[in-house]
2 protein chains.
Amino acid sequence: MPNPRSTTRATRSTGAVTLQRVAEHAGVSIATASRVLHGGTRTVGEELRRKVEDAARDLGYVSNAPAQALARSSTSVVGLVVHDIADPYFAAIAAGAMRAAKRHRLMVMIAATFGDPELEIEYVRSLRAQRARAVLLAGSGVADPDLTARLAAELDAFRADGGRVSCIGERGVEPYVPLDHTGGAERAATELWQLGHRRIGVVAGPEGLVTVQRRLAGIRAAWSRLGGELPDRRVVFADFTRSGGREAALGLFAAEPGVTAVLALNDVMAAGVLAAVQDDLGRRVPEEVSVVGFDDVPFAVDLRPSLTTVRLPLEEAGERAVQLIADGASPARQAPLGVALVVRGSTGPVAG
Amino acid sequence: MPNPRSTTRATRSTGAVTLQRVAEHAGVSIATASRVLHGGTRTVGEELRRKVEDAARDLGYVSNAPAQALARSSTSVVGLVVHDIADPYFAAIAAGAMRAAKRHRLMVMIAATFGDPELEIEYVRSLRAQRARAVLLAGSGVADPDLTARLAAELDAFRADGGRVSCIGERGVEPYVPLDHTGGAERAATELWQLGHRRIGVVAGPEGLVTVQRRLAGIRAAWSRLGGELPDRRVVFADFTRSGGREAALGLFAAEPGVTAVLALNDVMAAGVLAAVQDDLGRRVPEEVSVVGFDDVPFAVDLRPSLTTVRLPLEEAGERAVQLIADGASPARQAPLGVALVVRGSTGPVAG
DNA sequence: GGATTCCTGGTAAGCGCTTTCCGCCGGGTA
DNA sequence: TACCCGGCGGAAAGCGCTTACCAGGAATCC
C-alpha cells in the first residue's frame, strides 16, 4: 500500500467517490463514465448515458480537478495579480474579471503583491506551478529593467508551459487591454487650463510605477502644449493611498502656497487631498482650490465636493482581459477603452 | 501514445521540466529528487541534495501542483466566497484573508456570488472539485431553511473530503469568526437616542440576509429597551448599494417626513442616504437629519459630513478566518472581535 | 453476399508526483 | 566474528482521470 492515505480514505469511503466507483455502480467502464460526465468528443448511447448520470447523482460524485488537470494538463483556473484587493481600483478590475470568468466557467485565483514586484514574480511562478490556464496582470509595473526582465522571463516560462497571459494597461506584455492613461491625464490638465488655472500641482503615486509616469507625461504634454509651466517642485510623489495623498498635498502647499488646482493621480489620493485642503488647510474647494482625481472609483461621487475625475472603465477592462485569455485566439489589438473626464463639483474657475 | 499532448509537449520540451528530468540530470532517482525538492520526512545526503538542487535550478524546475495534489490528495488552495468583491466590505475581508494566506503560503481562490445563494452552493461544490484545502464563507447567508440545508450538505461533503470550513460571522457553521452585528447596532441606536432622536428610520439591506436581521434586531432591542417606537413603516429594505440606499431614503422620507435620524445598515447605503438627504431633499446633515452607517469602510471618513458608523474589524476578521483554517487545530471559540461606534460628523443632537 | 465503414464500448497506458518497502552499507555490540 | 541496527538510496505502486487504440456489431456499398 504505497499511499497511506488510502487507508484513511477507506474510512471515509462515503466521501471519496471516484469515477471508478461511479462506473462500477453503473456497470460500465470508467472510460464510458468519463465520457458521459466530462463530455469528451465521443458519443455514448442513451441507455448507458442515463445509467452513468444516475449513478453519479446517487453517489454524489464530484470530479477531482487536480486529477483531471494532470491527465489533461490544463486547468480552468486563471490567476489575477493585483497590488491590493482593498484598493477600489483593483477591486473593480477584479469584479469585472470575475464576472467574465463566471461566463467562461473559470475560477479566479487572486494574488496580492502589496506593491512588491518581487512578490509579483513569485506569484507568477506559483501560478505556473498550479498550471493555471492564464495569468492576468492587473497592476502597473515598475520601470526597472532588471525586474521587468525577470518578470518577462517568468511569463515566457509560463507561456512555454502552455499558459496564456494578458494584462491591464500596456506593460510590454501581449495581449493587453489598452488604457489611455496619458490621454485621460491630458484631458484633465486641459480642463484645468481652460478654467484659468496656471499654477497647478500634482499629487502623484510612487515614482517608479509606469502608470504614474504615463499619467504624469500626459499632464506635462498638455501643459507644455498649452504653454504652461510645471516645475518639478509642484509634483510630489507619495503612496497611492489616502494618507499618501493627504501628506503630499500638505507638502505641496507648504512649498507652493500659490497653487490653485491640484491633480491627484488617483481618486484615493484625491480623497486625501480634499481632506488636507479643506480640513487641514481650511481652503475652500473649488472656490479657492480645484481638485481633480483619476479612475472614477465608486465613492468619487460621494466625496464633498463630488470629485471631478478621469473615468477609467475598470470593470470592463477586467472583463476584457479575461476574454482575451479565454477566447483562445486573437491577441488582435482592440480599440482602447474610452476614458472620459467626468466634471463634478471639485473643479471651478480660478479665483478672480 | 495514449496522450496526444505528449507529442505537443515533446515540442516544447524546454518548458516541461519534470521531476523525472531533474532526477536524471542530477543522476539520482526521482524519489530522492522529490525528497530534496518537496521536503519529505526523510533526510538526503549532503552531496545528492546539492546535485538535485543544482539540477533543479539549471533546468528551471517548477513543481506540478496538480500532480502533487493528486499524489498527496491535498492542495494549498483556499477558497473565499464573497458576494461582490467590488464592495468595500468584502474587499477588506479579502485583503485580510490574503495577507494571512501569504503567511501560510496558501493561494486564495475567490468566487463572487453576486448575492445568489444558489451560486454560493455551486461554488462550494466547485471548490470541492478543486480539492481546496478550505473554504471560507465571507458573506451573510439568507434565512431560508432549504437553502441553508443544501449549503450545509455541501459543506459536510466538503469536510468529508478532508476540507476545512470557516466563516465570517455566525452562520451555523463552525468554526467562525464572531462579529457582533447586534451589539454594534445597539450601540448606534443608543447613541441616537442619547442625542435626543425619537423618530428614527432604518435603511436596511435585503430582508432575507441574516446580517440584516441581526443588525435590525440590535436596533429594535436597544430601541424598545429605551422605550422608543420603531413602526415597520420606518424600516425600509433595499439593495446593499448606494442607489439602494438613496432610493430607500427617498421612500422613507416620503412616507415619514418627520424622521430626524436614519440608520443605514451599511456604509455604502449610507453614502446613498447622505446623497438623498442633502442633495435630493435639501436637508442639512446633521443639523436637520443625523445619519449613521455600519462597517466603517475606508471612505466613510471622506463622506461629507464624515460618517458616524459602527466599526467592524473586517481585515482582521479575514485574517482570523484564514488562521482558523490554517491552524489545523482549535475551532475553539474566540473572543469576538471588537466592534465600536465611531462618532464623526454625520450625527448631532436632534433639532430643538 | 462479402467487404468496407461507422458507431460505440472497453482496455490500458500514461499524466507527474509521493511514499512504502526493500536492500545495501558501515558501525556498534555481544 | 557473527549479528543487529540505523541511515540513506532506489524501485515501484499507486493517486483519479483522459484518451489512443482495439474489437465487435450494425449499417452501407459494390
Side-chain angles (χ1 to χ4, degrees), chain A residues 1-10 15-24 26-49 51-52 56 59 61-76 128-131 161-162, chain B residues 1-10 15-24 26-49 51-52 56 59 61-76 128-131 161-162:
Chain A
M1 208 178 299
N3 194 322
R5 257 167 288 71
S6 46
T7 321
T8 313
R9 199 169 289 135
V17 180
T18 67
L19 236 205
Q20 165 93 273
R21 298 253 313 261
V22 174
E24 279 166 13
V28 303
S29 74
I30 86 173
T32 299
S34 170
R35 295 198 262 249
V36 171
L37 298 173
H38 305 303
T41 38
R42 299 249 321 244
T43 51
V44 171
E46 188 53 32
E47 190 184 334
L48 293 196
R49 153 162 253 110
K51 278 190 188 168
V52 172
L59 268 38
Y61 173 72
V62 172
S63 60
N64 182 319
Q68 265 186 77
L70 180 56
R72 294 213 269 238
S73 79
S74 106
T75 64
S76 58
R128 177 146 81 100
Q130 300 291 336
R131 295 304 191 258
D161 281 3
Chain B
M1 207 178 300
N3 195 323
R5 257 164 292 70
S6 45
T7 322
T8 314
R9 199 168 291 135
V17 180
T18 66
L19 236 205
Q20 163 94 272
R21 296 253 313 261
V22 173
E24 280 166 12
V28 303
S29 74
I30 84 175
T32 300
S34 171
R35 294 198 263 249
V36 171
L37 298 173
H38 305 302
T41 38
R42 297 248 319 243
T43 51
V44 172
E46 187 54 33
E47 190 184 334
L48 292 195
R49 154 163 253 108
K51 277 190 188 169
V52 171
L59 268 37
Y61 174 73
V62 172
S63 61
N64 182 320
Q68 267 187 82
L70 180 56
R72 295 213 268 236
S73 78
S74 106
T75 64
S76 59
R128 176 146 80 100
Q130 301 289 337
R131 294 303 189 263
D161 281 3

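This is a predicted model, so every value here is computed, not measured. Letters go in sequence order (proteins before strands), and every chain restarts at 1.
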Legend entry - Spacing between B:E47 atom CD and D:dG10 atom P, to the nearest angstrom: 11 Å
Legend entry - A:H38 side chain, from C-beta outward: closest of C:dC17, D:dA11, D:dC17: D:dC17
Legend entry - First encountered from the 5' end of DNA chain D, between A:T32 and B:L48: B:L48
Inset, instruction - Check the distance between C:dC17's P and B:L37's CG and give it to me in whole angstrom. - result: 9 Å
Inset, instruction - Verify the contact: side-chain N or O of B:Q68 to OP1 or OP2 of C:dT18, cut-off strictly under 4.0 Å; return yes or no. - result: yes
Inset, instruction - Return the nearest nucleotide to the side chain of B:A31; candidates are C:dT18, D:dA11, C:dC17. - result: D:dA11
Legend entry - For atom CD of B:Q130 and atom P of D:dC15, their distance in whole Å: 21 Å
Legend entry - Length of the line joining A:L70:CG and D:dC17:P, which is rounded to integer Å: 12 Å
Inset, instruction - State, yes or no, whether a side-chain contact exists between B:L48 and B:V36 at a heavy-atom distance under 4.5 Å. - result: no
Inset, instruction - Indicate, with a heavy-atom threshold strictly under 4.0 Å, whether A:T18 touches base, sugar-phosphate, or nothing. - result: sugar-phosphate
Legend entry - Closest listed nucleotide, where the reference is the side chain of A:T43 and the choices are C:dT19, C:dT8, D:dA11: C:dT8
Inset, instruction - Calculate the interatomic distance between B:Q20 atom CD and D:dG10 atom P; express it in whole Å. - result: 13 Å
Legend entry - From CZ (B:R42) to OG (B:S34), nearest 0.5 Å: 11.0 Å
Inset, instruction - Taking all non-hydrogen atoms of both residues into account, name the closest pair between A:V62 and B:R128 and its distance. - result: CG2-NH2, 3.1 Å
Inset, instruction - State, with a plain yes or no, whether a side-chain heavy atom of B:T18 is found less than 4.5 Å away from one of B:N64. - result: no
Inset, instruction - Would you mind reading off the distance between A:R35 atom CZ and C:dT11 atom P, rounded to a whole angstrom? - result: 11 Å
Legend entry - Contact summary for B:A16 and B:R21, nearest pair of heavy atoms: O-NH1, 3.4 Å
Legend entry - Nearest-nucleotide pick for A:A71, side chain only, options being D:dG10, C:dG14, C:dC17: C:dG14
Legend entry - Any B:S73 side-chain nitrogen or oxygen under 4.0 Å from OP1 or OP2 of D:dC15: no
Inset, instruction - With DNA chain C as reference, determine whether A:I30 or B:L19 sits nearer its 5' end, using the nearest nucleotide of each. - result: A:I30
Inset, instruction - Could you tell me whether the side chain of A:R42 has a donor or acceptor atom within less than 3.5 Å of a complementary atom in the base of C:dG9? - result: yes
Inset, instruction - In whole angstrom, give the distance that lies between atom CD of B:E24 and atom C1' of C:dG16. - result: 13 Å
Legend entry - Value in whole Å for how far the C1' atom of C:dC17 lies from CG of A:N64: 14 Å
